[in-house]
Amino acid sequence: PDSADMASIVQSVCREVQSLGAGHQSHDLELILRRGLGDGLLDQFNARNLLQELGKAKACKASLEVLYALRQLSLEMNTYIACAAITNCRRVSDWSQATHLLHEIAEVRVETSTVTYNAAVSACEKGEQWVQA
């Protein structure tokens, strides 16, 4: 698919993820990801785009669930995916989850960037967690 088609696919998956609601099982999310981004489209680039779309919708919890589902589907996390997830935490002032993710990506040896650290610091700042920042 071209970039316009891919953007449409990612937005569709984003809407479907958001419609799950409380009480869903992790395999429901994995099924949505496989169905929506199957056929070779489930890659790091599209994963980052999906997380960014969820961030625009301020769906931090959903984006974290997607992040963990992607890992269950054996998609390797990279700097861009990690940064998108931490940025989503910043958008909703979830400093605790942002710092948790920062530590987690260090444990799995994902290369971090200034942007990743800035997003985590900004989340702490928004949550008035000056010591954590």
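Bear in mind that the values here come from a model prediction, so they are computed numbers and not experimental data.
Under the 4.5 Å side-chain heavy-atom criterion for Ile, Leu, Val, Met, Phe, Trp and Tyr, Leu20 and Leu50 are members of the same hydrophobic cluster. Clustering ILVMFWY residues whenever any of their side-chain heavy atoms sit less than 4.5 angstrom apart, transitively, puts Leu75 in a cluster other than the one holding Phe45. Residues Val115 and Leu102 do not share a hydrophobic cluster, clusters being chains of Ile/Leu/Val/Met/Phe/Trp/Tyr side chains in contact below 4.5 Å. Leu51 and Val92 end up in different hydrophobic clusters when Ile, Leu, Val, Met, Phe, Trp and Tyr side chains are linked at under 4.5 Å.
A donor-acceptor pair under 3.5 Å links the side-chain atoms of Thr99 to the main chain of Trp95, judged by distance alone. A donor-acceptor contact shorter than 3.5 Å links the side chain of Ser63 to the backbone of Cys60.
Counting heavy atoms from C-beta outward, Cys89 and Leu64 have side chains that approach closer than 4.5 Å.
Note that CD1 of Ile81 is 10.5 Å distant from CZ of Arg71, once rounded to the nearest 0.5 Å. How far CG of Leu73 is from CG of Leu31: 10.0 Å, rounded to the nearest 0.5 Å. Of the inter-residue distances, the one linking Asp94 atom CG with His100 atom NE2 reads 10.5 Å to the nearest 0.5 angstrom. Atom CD1 of residue Ile105 and atom CD1 of residue Ile86 lie 4.0 Å apart, to the nearest 0.5 angstrom. Interatomic distance, Arg34 CZ to Glu30 CD, rounded to the nearest 0.5 Å: 5.5 Å. Atom CD of Glu16 sits about 9.0 Å away from atom CG of Leu33, to the nearest 0.5 Å.
For Ala120 against Ala98, the heavy-atom pair with the smallest separation is CA-CB, 4.3 Å. When all heavy atoms of Gly55 and Arg91 are compared, the pair lying nearest together is C-NH1, 3.1 Å. Contact record, Asn88 with Leu54: ND2-C, 4.4 Å, taken as the closest heavy-atom pair.
No more than 12 heavy atoms of other residues, nucleotides or ligands shown are found within 6.0 angstrom of NZ on Lys61.
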Is there a side chain to side chain contact (heavy atoms under 4.5 Å, CB included) between Thr116 and Thr87? Walk through the geometry before answering.
CA-CA 8 Å; Thr116 309; Thr87 297; over 6 Å; no
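Screening residues 72-84 for side-chain hydrogen bond (donor to acceptor under 3.5 Å, both in side chains) gives Gln44-Asn78 as the qualifying pairs, with residues at least two apart or on separate chains.
No donor-acceptor contact under 3.5 angstrom links the side chains of His103 and Glu107, judged on distance only.
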Check residues 2-14 and write down every donor-acceptor pair under 3.5 Å in which the side-chain atom is one partner and the other belongs to a residue at least two apart or another chain.
from : atom 1 : to   : atom 2 : distance (Å)
Asp2 : OD1    : Ala4 : N      : 3.2
Asp2 : OD1    : Asp5 : N      : 2.8

